[in-house]
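These notes are about the structure you will find just below.
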Amino acid sequence: MKTILFATAFILTPVGMASAADTSEVLPVAATYGWSGVYVGAQAGYAWGDARVGQAFAPDSFDNYGWGYSPSGGFGGLYAGYNKQFESGLVLGIEGDYSFASVKDTTLYRALGVDDPAFGGELKLESVATVRLRAGYAMDRWLPFVTGGLAVASYKHTTTDIPGGPYADAKDTITGYTLGAGAEYAVTDNWVVRGEYRFADFGRHTSQRHLIVNGAPLNPDEIELTTHDVRIGIAYKF
């Protein structure tokens, strides 16, 4: 009986090995995802920052007289770009985005370290746009990346006489730089999701665009602004 079982196993073993070999030949091999191509997407996020606004009527007025803000709020918009993947796994690209924003804060005017309860202000970022270079390393459907480039923001600063209400607006567009990092994941061959953090520094800017609501024209505003944000997005890759 043992001899029969051993002979049967001996005969069937090559057949099993051949069947396994045949099966391995027909199984599909997962191809590495390709990141090269054009993409368009939508994004949303939350931003916060630090800002100083003062009137440029004296060399040291920005530091001694003005408004200190910690604006925060949400934003959302669109982005588009192009990636080129190399054989080494390096991915280089260029991307631009534009977002409408409601990132704002209110505070009191501060003179020589003392708040003036009768004189306030509101700072609001109304939109933010960037044009950036990107570099990442492809890990099949994962793409961690870093990014940096030009940032442009549109803001509105409203000065307020507490008893009388708003009396002057300064609106302008400021430029600076932005740096960030994040990761993308290709859910399908065309749909890609991402998460990202960015820092932006707009330096110090003097505004000349005043819209007077009530009262005499003011001296030009100076604004100093830095922001942080976290965002998520989803894009279609062509």
Side-chain angles (χ1 to χ4, degrees), residues 27-51 71-104 124-156 171-203 205 225-238:
L27 286 176
V29 178
T32 302
Y33 183 77
W35 287 93
S36 294
V38 176
Y39 57 90
V40 177
Q43 64 183 359
Y46 182 82
W48 66 98
D50 293 295
S72 61
F75 63 90
L78 302 174
Y79 62 94
Y82 173 78
N83 287 326
K84 172 63 177 178
Q85 180 174 344
F86 298 88
E87 291 184 2
S88 64
L90 176 67
V91 178
L92 298 179
I94 185 170
E95 183 177 291
D97 65 83
Y98 182 90
S99 292
F100 294 99
S102 182
V103 181
K104 58 186 178 180
K124 179 181 179 181
L125 295 183
E126 298 180 319
S127 65
V128 180
T130 71
V131 177
R132 294 165 289 103
L133 298 176
R134 303 201 320 152
Y137 183 78
M139 302 169 63
D140 196 8
R141 290 184 175 270
W142 282 101
L143 179 67
F145 65 87
V146 294
T147 184
L150 174 70
V152 181
S154 174
Y155 78 93
K156 177 181 179 181
K171 299 185 67 173
D172 214 341
T173 299
I174 52 178
T175 60
Y177 71 88
T178 182
L179 300 172
E184 294 184 325
Y185 180 74
V187 180
T188 71
D189 288 347
N190 298 107
W191 290 103
V192 179
V193 296
R194 69 164 58 171
E196 187 176 0
Y197 162 81
R198 284 193 215 163
F199 167 79
D201 189 339
F202 296 93
H205 176 81
L225 174 67
T226 59
T227 63
H228 307 261
D229 72 67
V230 289
R231 62 186 69 201
I232 57 174
I234 181 169
Y236 185 85
K237 186 175 81 70
F238 295 92

Taking [atom1] in [X] as the centre, count heavy atoms belonging to other residues, nucleotides or ligands within less than 6.0 Å. Is the count above 12?
| X | atom1 | answer |
| --- | --- | --- |
| Tyr98 | OH | yes |
| Ile232 | CD1 | no |
| Phe86 | CZ | yes |

What are the two closest non-hydrogen atoms of [X] and [Y], and how far apart are they?
| X | Y | result |
| --- | --- | --- |
| Asp140 | Trp35 | O-NE1, 2.9 Å |
| Ala153 | Leu125 | CB-CD2, 4.5 Å |
| Thr188 | Tyr33 | O-CE1, 3.9 Å |
| Arg198 | Thr178 | CD-OG1, 3.8 Å |
| Ala235 | Tyr39 | CB-CD1, 4.3 Å |

Taking the inter-plane angle between the rings of Trp48 and Tyr197 on a 0 to 90° scale, is it parallel (under 30°), tilted (30 to 60°) or perpendicular (over 60°)?
tilted

Does the side chain of [Y] come within less than 4.5 Å of [X]'s, by heavy atoms?
| X | Y | answer |
| --- | --- | --- |
| Val40 | Tyr236 | no |
| Val91 | Phe145 | no |
| Thr147 | Glu196 | yes |
| Asp229 | Phe75 | yes |
| Lys124 | Pro71 | no |
| Ile174 | Leu225 | yes |

Using a strict threshold of under 4.0 Å (side-chain N to carboxylate O), is an ion pair present between Glu184 and Arg134?
yes

Geometric cation-pi criterion, Arg231 with Tyr79: 6.0 Å, 45°
no

Under 3.5 Å, is there a donor-acceptor pair linking the side chains of Thr130 and Asp97?
yes

Nearest 0.5 angstrom please: Asn83 CG to Glu95 CD, how far?
8.0 Å

